[in-house]
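Computed over heavy atoms, backbone and side chain alike; hydrogens, waters and symmetry mates excluded.
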Amino acid sequence: MNATDCAPDSDLPDTWALAHLSDPHLTDPLRPVAADWPLKRRLGRASWRRRRRHRHRLPVLATVVDDLRARAPEQVALSGDLVQVGLRDEFAQAAQWLAGFVPPERLLLVPGNHEAYVAGAWPAGRASWQRWLGAPDGEPWLRRHGELLLIGLSSAVATWPALATGTLGRRQLGLFEDALAQGAREGLFRVVVVHHPPAPGVVGWRKRLTDQRPFAAAIARHGAGVVLHGHAHRATWAQLAGPGGPVPVVGAPSASACDPRPGRMAGYSLLSPARAGGAWRVTLGRRVYRPATQDCAWQETRQFASAG
């Protein structure tokens with residue numbers, strides 16, 4: 001999976017099947033601290049007030065979203081962390097933003113660890129997002145669009161202070177494996193969307209996916225076209241073993257971060273799979289925010305073969 005030079009628009013697909021962005025951290029939790037707030041929520045609010053709100057900027061997010069819309073992807077995947085500390089009014093703020101983003105039928109939305117920042121946050125807040133989550137019976141969320149099968153997983157679980165781990169759980173992993181197998185039987189290009197990186201080494205121990213090994217085992221048995229995630233706040237490339245060859249695991253930076261460190265500037269990915277004989281040829285490009293001109297431009301494009 002070698003990167004090519006950034007291709008001019010004329011050399012890129014006419015139609016993008018999917019755009020992926022993550023970790024917009026778009027809400028404002030700076031209301032007065034309540035007496036009953038858990039310690040983790042207090043610490044998270046303090047971190048946002050002192051440091052993180054200066055990095056995550058709504059004008060940057062607006063520019064990224066406008067650029068994404070101009071590329072007219074058929075579907076959009078958003079892999080979590082819309083909120084900061086899981087307050088009920090943060091979920092309402094995010095719902096207002098989602099209403100102006102893309103139509104629900106074009107969006108696959110999965111939660112991140114900030115949606116489950118403390119115990120009870122995600123069960124209470126997800127009702128505000130039901131319009132975009134679709135099936136009320138929970139995850140995994142499945143969306144079929146032509147020959148594209150999107151499989152959305154929830155790794156959002158409440159954790160202790162200083163931890164930001166994710167867990168899928170035995171039930172969800174079983175349903176995930178069923179979805180992979182069914183998609184393979186139908187010959188669909190399967191895109192897995194999850195917040196936490198499911199490949200080893202992308203994040204440290206305190207931010208890991210705790211059941212990464214059974215996730216990787218399901219991919220090894222049934223394969224997938226590509227796995228998309230967030231959480232690391234940087235653009236990453238990794239692989240998991242699949243029955244037909246390596247499965248790319250692609251991480252997105254925060255969609256609102258004005259961060260000059262390598263791979264961390266706000267942006268999003270675009271994906272276009274096309275059949276190539278009995279397999280697929282995939283074009284994947286990254287659009288990245290440019291602070292100097294306050295717009296987005298191609299950072300890189302990659303092409304790779306996939307068993308789907």
For this session: Could you give me the CA-CA distance, side-chain angles and deciding distance for R287 and Q299, then say whether side-chain contact (heavy atoms from CB on, under 4.5 Å) is met?
Result: CA-CA 6 Å; R287 299 279 294 175; Q299 184 181 61; over 6 Å; no
For this session: Check the pair E139 / R126 against salt bridge (Lys or Arg N to Asp or Glu O under 4.0 Å), numbers first and verdict last.
Result: CA-CA 12 Å; E139 53 279 346; R126 68 183 294 165; 3.8 Å; yes
For this session: For side-chain contact (heavy atoms from CB on, under 4.5 Å), just list the numbers for V191 and L18, CA-CA rounded to whole Å, side-chain angles, deciding distance to a tenth of an Å, and then say yes or no.
Result: CA-CA 9 Å; V191 179; L18 180 69; 3.7 Å; yes
Exercise. Given the rule in the side-chain contact (heavy atoms from CB on, under 4.5 Å) test, do L58 and L26 qualify, once you have shown the distances and angles that lead to the verdict?
Worked result: CA-CA 7 Å; L58 287 181; L26 60 95; 3.8 Å; yes
Exercise. Passes side-chain contact (heavy atoms from CB on, under 4.5 Å), V193 versus L153? Steps please.
Worked result: CA-CA 6 Å; V193 183; L153 302 173; over 6 Å; no
For this session: Tell me, with the steps shown, if T165 and T210 meet side chain to side chain donor-acceptor pair (under 3.5 Å).
Result: CA-CA 7 Å; T165 54; T210 62; over 6 Å; no
Contacts table for residues 114-123: side-chain donor-acceptor under 3.5 angstrom, sequence neighbours left out:
{"residue": "H114", "atom": "ND1", "partner": "Q84", "partner atom": "O", "Å": "2.4"}
{"residue": "E115", "atom": "OE1", "partner": "D81", "partner atom": "N", "Å": "2.7"}
{"residue": "E115", "atom": "OE1", "partner": "G112", "partner atom": "N", "Å": "2.6"}
{"residue": "E115", "atom": "OE2", "partner": "L82", "partner atom": "N", "Å": "2.8"}
{"residue": "E115", "atom": "OE2", "partner": "V83", "partner atom": "N", "Å": "3.1"}

Would you tabulate the side-chain donor-acceptor contacts of residues 91-100 under 3.5 Å, counting partners in other chains and residues two or more places apart, or write 'none'?
{"residue": "Q93", "atom": "OE1", "partner": "D28", "partner atom": "N", "Å": "2.9"}
{"residue": "Q93", "atom": "NE2", "partner": "D28", "partner atom": "O", "Å": "3.2"}

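Interatomic distance, R131 CZ to E105 CD, rounded to the nearest 0.5 Å: 9.0 Å. R234 CZ to D259 CG: the interatomic distance, rounded to the nearest 0.5 Å, is 11.5 Å. Going from atom CD1 of I151 over to atom CG of D178 covers 10.5 Å, rounded to the nearest 0.5 Å. In this structure, CG on L173 lies 5.0 Å from CG on L168, to the nearest 0.5 angstrom. A distance of 11.5 Å separates CG of D23 from CG of L61, quoted to the nearest 0.5 Å. Atom CZ in R42 sits 15.5 Å away from atom OG in S47 (nearest 0.5 Å).
For the residue pair L270 and A19, the shortest heavy atom distance occurs at CD2-CB, 3.7 Å. Between Y289 and C258, the closest heavy-atom pair is CE2-SG, 4.4 Å. Here the closest non-hydrogen pair linking V203 and P197 is CG1-CG, 3.9 Å. Closest approach of V249 and P198 over heavy atoms only: CG1-CD, 3.9 Å. Across all their heavy atoms, P253 and G263 have their closest contact at CB-O, 3.7 Å. Shortest non-hydrogen contact noted between A218 and F176 is CB-CE2, 4.0 Å.
Within the 4.5 Å cutoff, side-chain heavy atoms of L188 are placed close to those of R144. Within the 4.5 Å cutoff, the side chain of H20 has heavy atoms near those of the S79 side chain. The closest side-chain heavy-atom distance from V282 to V226 is not below 4.5 Å. Side-chain atoms of F101 and L107, non-hydrogen and from C-beta on, do get closer than 4.5 Å to each other. When side chains are defined from C-beta on, L78 does not count as touching W132, because their heavy atoms never get closer than 4.5 Å. Residues W298 and L12 meet the side-chain proximity criterion, which asks for heavy atoms closer than 4.5 Å. Using a 4.5 Å heavy-atom cutoff, the side chains of V64 and M265 are not in contact. R206 has its side chain out of reach of T159: every pair of non-hydrogen atoms, C-beta onward, lies at least 4.5 Å apart.
Ion pairing of E90 with R88 is absent here, as no side-chain N (NZ or NE/NH1/NH2) approaches a carboxylate O to less than 4.0 Å. Looking at R221 and E177, a side-chain N of the basic residue comes within less than 4.0 Å of a carboxylate O on the acidic one, giving a salt bridge. By the 4.0 Å N-to-carboxylate-O rule, E147 lies too far from R190 to be salt-bridged with it.
With Q172 contributing its side chain and S154 its backbone, the two residues share a donor-acceptor pair below 3.5 Å. Judged by distance alone, the side chain of R208 and the main-chain N or O of G204 form no donor-acceptor pair under 3.5 Å. Checking side-chain atoms of Y268 against main-chain N and O of S22 turns up no donor-acceptor pair under 3.5 Å. At least one donor-acceptor pair closer than 3.5 Å links the side chain of K40 to the backbone N or O of L163. With H196 contributing its side chain and A164 its backbone, the two residues share a donor-acceptor pair below 3.5 Å. Not a single donor-acceptor pair under 3.5 Å links the side chain of R57 to the backbone N or O of A257. For the pair S306 (side chain) and G308 (backbone), a donor-acceptor distance under 3.5 Å is present. The closest donor-acceptor contact from the side chain of S269 to the backbone of R286 lies at 3.5 Å or more, if one exists at all. T236 contributes no side-chain N or O that, together with a main-chain N or O of A232, makes up a donor-acceptor pair within less than 3.5 Å. Of the possible donor and acceptor atoms, one in the side chain of S256 sits under 3.5 Å from a partner among the backbone N and O of P24.
Taking a 6.0 Å sphere around CZ of R261, one finds it holds more than 12 heavy atoms contributed by other residues, nucleotides or ligands. The number of heavy atoms from other shown groups lying within 6.0 Å of CZ (R213) does not exceed 12. Counting heavy-atom neighbours within 6.0 Å of Q294 CD, excluding the residue itself, gives a total of 12 or less.
Under a hydrophobic clustering in which Ile, Leu, Val, Met, Phe, Trp and Tyr are joined whenever their side-chain heavy atoms come within less than 4.5 Å, directly or via other members, V102 and L150 fall into the same cluster. In terms of hydrophobic clustering, with Ile, Leu, Val, Met, Phe, Trp and Tyr side chains grouped at heavy-atom distances under 4.5 Å, F215 and V157 are assigned to different clusters. One hydrophobic cluster, built from ILVMFWY side chains closer than 4.5 Å, holds both L109 and L228. Linking Ile, Leu, Val, Met, Phe, Trp and Tyr whenever their side-chain heavy atoms come within less than 4.5 Å puts W160 and W205 in one cluster. Residue L21 is grouped with residue W141 when hydrophobic side chains (ILVMFWY) are merged at heavy-atom distances under 4.5 angstrom, including chains of intermediate members.
Every residue two or more places apart in sequence or in another chain was checked for a side-chain contact (heavy atoms from CB on, under 4.5 Å) with P243, and none qualifies.
Stacking of R45 on the aromatic ring of W37 is not recorded, the 6.0 Å distance cut-off and the 45° axial limit not both being met.
Evaluated for a side-chain hydrogen bond (donor to acceptor under 3.5 Å, both in side chains) with S254, the options H25, R55, H56 yield exactly one hit, H56.
Side-chain atoms of Q75 and W16 form no donor-acceptor pair, as typed in the model, at a separation below 3.5 Å.
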